[in-house]
Amino acid sequence: MVGIRALKKIWMDGRLVDWPTANVHVLTHALHYGYAIFEGIRSFDTARGPAVFRLPEHIDRFMNSAKVYRMKLPYTAEELTKACVDLVRANGVPTVYIRPIGFSGYGEMGLDPTKSPIQVAIAAWEWGAYLGAEGVEKGVRATVSSWVRMDSRSLPPQAKCASNYANSALAKMEAVSGGYDEAILLNAQGMVAEGPGENIFRVKKDVVSTPPASSGILRGITRDSVIRFLADEGLVFQRTDFTREELFTADELIYTGTAAGVTPIREVDGRPIGNGSYPITRRLQKRYEDAIHGRNPAYASWLTHVG
Ligand code: PPE
């Protein structure tokens, strides 16, 4: 059963191919050993037609992930940027989630990925609110995972590698099977790190904080946007570690991510968060919505118009 609705085209190894033909062999190296780096990007409708949100930043992170993993991508940042834009245009759907992936292809088996050809594909599909439209409105129920976020000495979290998501999947499945919407992972030091696919912000008495990059997180691009929004809202912001109990005592908690957008957390392990009105989250959501849809000129440079 396929949940994704097929669009027309997928960019694969340098050209746009028909959706059903964008296939790989079962002995694709990355399928066995997780040697794949990827991105998650969104395009949105604006008054000037579809626009991709923070495309250069996403491509830059993709190139950096490749660098960490010594992956020799056969395309430049410029080529991949153009490929994303071409793909959105070719599919004719303005609001899509864009997934570039670089991976070790069909060639050799065994652990050294440099012996296999590196392939790059970019797919796009329609993806609604990651934690549900109701979650964006009413907040989601989170649980602190028994799984610890992998440490950068074993898997560097700032490189968006497919392998990291085995750790995320364990946390996600545990949360869902326990009746929660989403997990919060602590790092090896016991401090709050991030969600399986989201960064996290904490609001306490008009001070907003988020764990620093050194806490072992993906440096989220939505996180970066929210940090800018906080400055523009004149709010006090700090990058600082916080503990599990500081989750419970927060006035507001927020998940941020390309897939998740800006989503409030209404409960952590049975403790309600704040009073359920999320005043600061609402201000950030408003700025985010205006930014992605091109309604705030202050963030116009974050949009790549597809034309
Ligand atoms: N942390 C992790 C671990 C993560 O995967 C994401 C994105 C973020 C933080 C937020 O980063 P950014 O999107 O740049 O703000 N997770 C992507 C994948 C989700 C998926 O399930 O697939 C995403 O949101 O696109």
Side-chain angles (χ1 to χ4, degrees), residues 3-4 34 36-44 52-65 68 84 95-101 103 121-132 135-136 140 142 145 147-152 154-173 175-176 181-187 192-201 210-230 239 253-263 265 284-285 287-288 291-292 299 302:
I4 297 173
I37 55 135
F38 68 93
E39 266 308 314
I41 315 171
R42 280 190 190 268
S43 71
F44 300 94
V52 184
F53 188 62
R54 306 202 68 176
L55 181 56
E57 291 85 348
H58 280 284
I59 296 296
D60 192 50
R61 191 170 66 186
F62 189 71
M63 303 313 280
N64 281 328
S65 296
V68 170
C84 289
T95 305
V96 287
Y97 183 89
I98 306 162
R99 168 58 54 83
I101 183 164
F103 58 98
I122 312 173
W125 66 91
E126 293 159 294
W127 220 12
Y130 192 57
L131 299 171
V136 176
V140 294
S145 188
W147 296 98
V148 168
R149 193 72 180 142
M150 73 276 164
D151 187 86
S152 76
S154 21
L155 281 172
Q158 288 186 33
K160 203 167 164 60
C161 179
S163 303
N164 298 356
Y165 291 86
N167 176 255
S168 289
L170 289 169
K172 180 78 188 186
M173 291 186 290
V176 170
D181 300 308
E182 190 56 302
I184 298 171
L185 291 111
L186 306 182
N187 62 26
V192 172
E194 60 182 339
E198 309 90 352
N199 291 116
I200 192 162
F201 285 78
T210 198
S214 57
S215 66
I217 57 167
L218 183 75
R219 278 180 198 247
I221 290 161
T222 320
R223 171 181 178 271
D224 183 73
S225 304
V226 165
I227 291 170
R228 167 77 188 275
F229 299 153
L230 291 167
R239 286 177 186 80
L253 292 173
I254 313 163
Y255 280 126
T256 68
T258 300
V262 178
T263 301
I265 299 175
L284 299 171
Q285 284 179 324
R287 282 203 182 253
Y288 177 70
I292 60 181
Y299 312 121
W302 284 348

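In each ligand, atom 1 is the first atom listed, and ligand 1 is the first ligand listed. These values consider heavy atoms only, across backbone and side chains, with no hydrogens, waters or symmetry-generated copies.
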Practice task
Indicate the ring-plane relationship of Phe38 and Tyr165, choosing parallel, tilted or perpendicular according to the 30° and 60° boundaries.
Solution key: tilted
Exercise for the section: Check ligand 1 against Trp127 and write out every atom of the ligand that is under 4.0 Å from a heavy-atom position of the residue. Expected result: 20 (C), 21 (O), 22 (O)
Handout entry: ligand 1 contacted by Arg99 (non-hydrogen, < 4.0 Å)
Key = yes
Practice task
Tell me which protein heavy atom sits closest to atom 5 (O) of ligand 1, plus the residue, atom name and distance to 0.1 Å.
Solution key: Tyr165 OH, 2.4 Å
Exercise for the section: Do me a favour and list the nearest non-hydrogen protein atom to atom 13 (O) of ligand 1 with residue, atom name and distance? Expected result: Thr258 OG1, 2.6 Å
Exercise for the section: Looking only at distances, please establish whether an N/O atom of ligand 1 is found under 3.5 Å from an N/O atom of Thr222. Expected result: yes
Exercise for the section: Flag the pair Val68 / Gln158 as yes when at least one side-chain heavy-atom distance between them is below 4.5 Å, and no otherwise. Expected result: no
Handout entry: Any N or O of Ile221 closer than 3.5 Å to N or O of ligand 1
Key = yes
Problem - N/O donor-acceptor pair under 3.5 Å between Asn164 side chain and Ala159 backbone - result: yes
Problem - Region of Lys160 engaging ligand 1 - heavy atom pairs below 4.0 Å - result: side chain
Exercise for the section: With heavy atoms of Tyr97 as the reference, note each atom of ligand 1 found under 4.0 Å away. Expected result: 17 (C), 18 (C), 23 (C), 25 (O)
Completion exercise
The single option from Arg61, Lys160, Arg99 that satisfies side chain to side chain donor-acceptor pair (under 3.5 Å) with Glu39 is Arg61
Exercise for the section: Output yes when a side-chain donor or acceptor of Thr222 lies under 3.5 Å from a complementary backbone atom of Thr256, and no otherwise. Expected result: no
Exercise for the section: Count the heavy atoms of every other residue, nucleotide or ligand shown that sit under 6.0 Å from CH2 of Trp147, and state whether that count exceeds 12. Expected result: no
Problem - Heavy atom of Arg61, distance to ligand 1 below 4.0 Å - result: yes
Exercise for the section: Please indicate whether any nitrogen or oxygen in Gly195 is less than 3.5 Å from any nitrogen or oxygen in ligand 1. Expected result: no
Problem - Atom indices of ligand 1, in the order listed, that fall short of 4.0 Å to a heavy atom of Gly220 - result: 11 (O), 12 (P), 14 (O), 15 (O)
Practice task
Indicate, as side chain, backbone, both or neither, the part of Lys172 found under 4.0 angstrom from ligand 1 when only non-hydrogen atoms are considered.
Solution key: neither
Practice task
Taking the side chain as every heavy atom from C-beta outward, state whether Ile227 and Phe201 have any pair of such atoms under 4.5 Å apart.
Solution key: yes
Problem - Minimum side-chain heavy-atom gap Ile184-Tyr255 below 4.5 Å - result: yes
Exercise for the section: Under 4.0 Å, heavy atoms only, figure out whether ligand 1 is touched by the backbone of Pro196, its side chain, both or neither. Expected result: backbone
Exercise for the section: For residues Cys161 and Leu155, determine if any side-chain heavy atom of one lies less than 4.5 Å from a side-chain heavy atom of the other. Expected result: no
Handout entry: Phe53 to ligand 1, any heavy atom closer than 4.0 Å
Key = no
Practice task
State the atoms of ligand 1, each with its element, that fall below the 4.0 Å cut-off from a heavy-atom position in Glu194.
Solution key: 1 (N), 2 (C), 3 (C), 9 (C)
Problem - Interfacing atoms of ligand 1 (cut-off 4.0 Å, heavy-atom, Gly257) - result: 10 (C), 13 (O), 15 (O)
Handout entry: ligand 1 atoms in contact with Arg149 (distance to a heavy atom under 4.0 Å)
Key = 3 (C)
Handout entry: N or O pair under 3.5 Å between Ser168 and ligand 1
Key = no
Handout entry: Sidechain-backbone polar pair: Asn187 side chain, Ala193 backbone, donor-acceptor under 3.5 Å
Key = no
Fill in the blank from the handout: atom 6 (C) of ligand 1 has as its nearest protein heavy atom Gly197 O, 3.3 Å
Handout entry: Enumerated ligand 1 atoms positioned under 4.0 Å from heavy atoms of Tyr130
Key = 19 (C), 20 (C), 21 (O)
Exercise for the section: On the 0 to 90° scale, with breaks at 30° and 60°, tag the Tyr288-Phe229 ring pair as parallel, tilted or perpendicular. Expected result: perpendicular
Completion exercise
among protein heavy atoms, the one nearest atom 24 (O) of ligand 1 is Ala259 N, 2.8 Å
Practice task
Below 4.0 angstrom from a heavy atom of Gly40, which ligand 1 atoms are there? Numbered from 1 as shown, please.
Solution key: 25 (O)
Exercise for the section: On the 0 to 90° scale, with breaks at 30° and 60°, tag the Tyr130-Trp127 ring pair as parallel, tilted or perpendicular. Expected result: perpendicular
Exercise for the section: Answer whether the closest heavy-atom distance between the side chains of Leu185 and Pro196 falls below 4.5 Å. Expected result: yes
